[in-house]
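Chain letters run A, B, ... following the sequence lines, proteins first and then strands; every chain starts at 1. Values reported hereafter were calculated over all heavy atoms of this structure, with side chains retained and with hydrogens, waters and symmetry mates removed. Quantities reported herein were computed from a predicted structural model and do not represent experimental measurements.
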There are 2 protein chains.
Amino acid sequence: MVDDDAKAGGRLPRSGCPVANALDTFGDRWTLIVIRDLVMGKRRYGELQKSPENIPSNILADRLRQLERLEVIRRVPYQERPRRYEYLLTEKGADLLPILQAVTRWSGRHIPGGWQVPERFFALTPDDLKRE
Amino acid sequence: MVDDDAKAGGRLPRSGCPVANALDTFGDRWTLIVIRDLVMGKRRYGELQKSPENIPSNILADRLRQLERLEVIRRVPYQERPRRYEYLLTEKGADLLPILQAVTRWSGRHIPGGWQVPERFFALTPDDLKRE
DNA sequence: TGCAGATACTTGCATATTGCAAGTTTCATA
DNA sequence: TATGAAACTTGCAATATGCAAGTATCTGCA
């Protein structure tokens, strides 16, 4: 099993450095991929699982747990019988948008062969994600 | 031994997504810590090892290798007899600054207890790091 | 009644990565 | 010849990742 108290959170802070603290939240191979998908409007487990990167199911479940614990996302029911949940960004989560934008810009400039990202992505603000 | 072709690079791209591509470069617990220190002016192995986060020596060596391979840093000799090297950011590396700034801002806003970062850090530009 | 299909996860296990502590190499200097 | 500095390397235990398959809870339809 993936340790409940692991990688993307949970460890005692390594230092007071803001960069180090942030890495304890999303410093791994998958967390920002999940955030990216939530930013792009996905909400359900099944949708998140369908990314082109093919995140393993157990890792996805683990990361959603961490992110909920760290209050980056909220897990809210969208139906009863059977009870099912969807995942929404909190304000803390929506505020990760500028990081995704900076990462995307860097990648666009320095890593060839990446997808072309529409200019309106860079025009988005965290507030745009906080509706509903 | 830490696999030469691992985590911070080397894997076949998971997708064409710029975010995913970037994570294949620095999506782990340590790489951005090393970049942070280089941005802050450190250059030598010994200096990089002295961070408050206490990066394990083998991980540091591995990350420096990856970053050099990915052309984020350059390894240049600073003395002969015995030959010793220091590490400098390339343009690709210096351009990571906006990401560090965004990360630092997010952390400052959402993770309590982090160090106070001087305002002039946010005023830095990649060009400031490209001297020499 | 009962069986297929959705959806959201969980489990087991092999492989890969991390982290710790100690060791190696190459000189310079005393 | 001995000590020290700097930059790594090595061995190995502890963790995390990735894959494939399994479970749980219903709905809808025969």
Side-chain angles (χ1 to χ4, degrees), chain A residues 1-12 14-15 20 23-24 26-34 37-38 42-68 73 75-88, chain B residues 1-12 14-15 20 23-24 26-34 37-38 42-68 73 75-88:
Chain A
M1 211 254 274
V2 176
D3 188 344
D4 243 332
D5 193 52
K7 177 60 78 53
R11 282 211 233 287
L12 54 163
R14 290 179 286 177
S15 75
L23 290 176
D24 287 336
F26 56 76
D28 73 283
R29 254 168 84 68
W30 290 109
T31 300
L32 282 185
I33 297 280
V34 173
D37 286 347
L38 291 170
K42 293 185 182 179
R43 294 162 164 238
R44 300 189 184 171
Y45 193 93
E47 294 180 290
L48 292 168
Q49 214 172 357
K50 272 176 208 128
S51 70
E53 292 84 12
N54 267 298
I55 182 168
S57 183
N58 55 338
I59 306 278
L60 175 56
D62 178 71
R63 293 306 184 273
L64 290 172
R65 260 191 303 272
Q66 309 294 345
L67 289 174
E68 194 195 357
I73 62 178
R75 182 168 175 268
V76 314
Y78 68 88
Q79 72 167 34
E80 304 291 330
R81 340 212 34 89
R83 189 149 207 176
R84 299 258 155 89
Y85 298 88
E86 61 183 6
Y87 299 91
L88 302 178
Chain B
M1 211 253 272
V2 176
D3 188 346
D4 242 333
D5 195 51
K7 176 59 83 44
R11 283 209 232 287
L12 54 165
R14 292 180 285 178
S15 76
L23 290 177
D24 287 335
F26 55 76
D28 73 283
R29 255 167 85 67
W30 290 109
T31 300
L32 281 185
I33 298 280
V34 174
D37 286 346
L38 291 170
K42 293 185 182 178
R43 293 160 166 241
R44 299 188 184 173
Y45 194 91
E47 295 180 289
L48 292 167
Q49 215 173 355
K50 272 177 206 126
S51 70
E53 292 84 11
N54 266 297
I55 182 168
S57 183
N58 54 338
I59 306 279
L60 175 56
D62 178 70
R63 294 305 184 275
L64 290 172
R65 261 191 302 270
Q66 308 294 344
L67 288 174
E68 195 194 358
I73 62 179
R75 183 169 175 268
V76 315
Y78 68 89
Q79 72 167 34
E80 303 292 330
R81 336 214 38 85
R83 188 149 208 177
R84 299 256 155 89
Y85 298 88
E86 61 182 5
Y87 298 92
L88 302 179

Nucleic acid footprint by protein, nucleotides 24-30 of chain D - heavy-atom cut-off 4.0 Å, B for base, S for sugar-phosphate alone
-BSS---
Working note: A/Leu48 + A/Ile55, criterion side-chain contact (heavy atoms from CB on, under 4.5 Å); need CA distance, chi angles, decisive distance, verdict.
CA-CA 8 Å; A/Leu48 292 168; A/Ile55 182 168; 6.0 Å; no
Given A/Asp37 and A/Glu47, is the side-chain contact (heavy atoms from CB on, under 4.5 Å) satisfied, shown in steps?
CA-CA 9 Å; A/Asp37 286 347; A/Glu47 294 180 290; over 6 Å; no
Residue pair A/Asn58, A/Asp62: steps toward the side-chain contact (heavy atoms from CB on, under 4.5 Å) verdict:
CA-CA 6 Å; A/Asn58 55 338; A/Asp62 178 71; over 6 Å; no
Apply salt bridge (Lys or Arg N to Asp or Glu O under 4.0 Å) to the pair B/Arg43 and B/Glu86, showing each step before the final yes or no.
CA-CA 5 Å; B/Arg43 293 160 166 241; B/Glu86 61 182 5; 3.2 Å; yes
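For the pair B/Tyr87 and D/dC8, the criterion of a side-chain N or O lying under 4.0 Å from OP1 or OP2 is met. Between A/Arg63 and D/dT17 there is a side-chain polar atom (N or O) within less than 4.0 angstrom of OP1 or OP2. Between B/Arg44 and D/dA5, a side-chain N or O to OP1/OP2 separation shorter than 4.0 Å is absent.
Put simply, CZ on A/Arg43 is 16 Å from P on C/dT7, counting in whole angstrom units. Rounded to whole angstrom, the span from the CG atom of A/Asp62 across to the C1' atom of D/dA16 amounts to 9 Å. Spacing between atom NZ of B/Lys42 and atom C1' of D/dA7 amounts to 16 Å, rounded to whole angstrom units. For the pair A/Trp30 CH2 and D/dT17 P, the computed distance is 11 Å after rounding to whole Å. With rounding to whole Å, B/Glu53 atom CD is found 17 Å from C/dC20 atom C1'. What separates CG of B/Asn58 from C1' of D/dT10 is a distance of 9 Å, to the nearest Å. B/Ile59 places its CD1 atom 14 Å from the C1' atom of D/dA13, with the value rounded to the nearest Å. Put simply, CD on B/Glu86 is 14 Å from P on D/dA6, counting in whole angstrom units.
Closest heavy-atom contact between A/Thr31 and A/Phe26: CG2-CB, 3.7 Å.
Take the nearest nucleotide of DNA chain D for B/Ala61 and for B/Lys50: the residue whose nucleotide is more 5' is B/Lys50.
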Could you pull out all donor-acceptor pairs under 3.5 Å where a side-chain atom in residues 75-84 of chain A meets a protein atom, sequence neighbours excluded?
residue: A/Arg75; atom: NE; partner: A/Tyr87; partner atom: OH; Å: 3.4
residue: A/Gln79; atom: NE2; partner: A/Pro82; partner atom: O; Å: 2.9

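Residues A/Arg29 and B/Leu23 are not in side-chain contact: their nearest non-hydrogen atoms beyond the backbone lie 4.5 Å or more apart.
Proximity note for B/Tyr78 (side chain, C-beta onward) versus D/dA7, D/dG18, C/dG19: the nearest is D/dA7.
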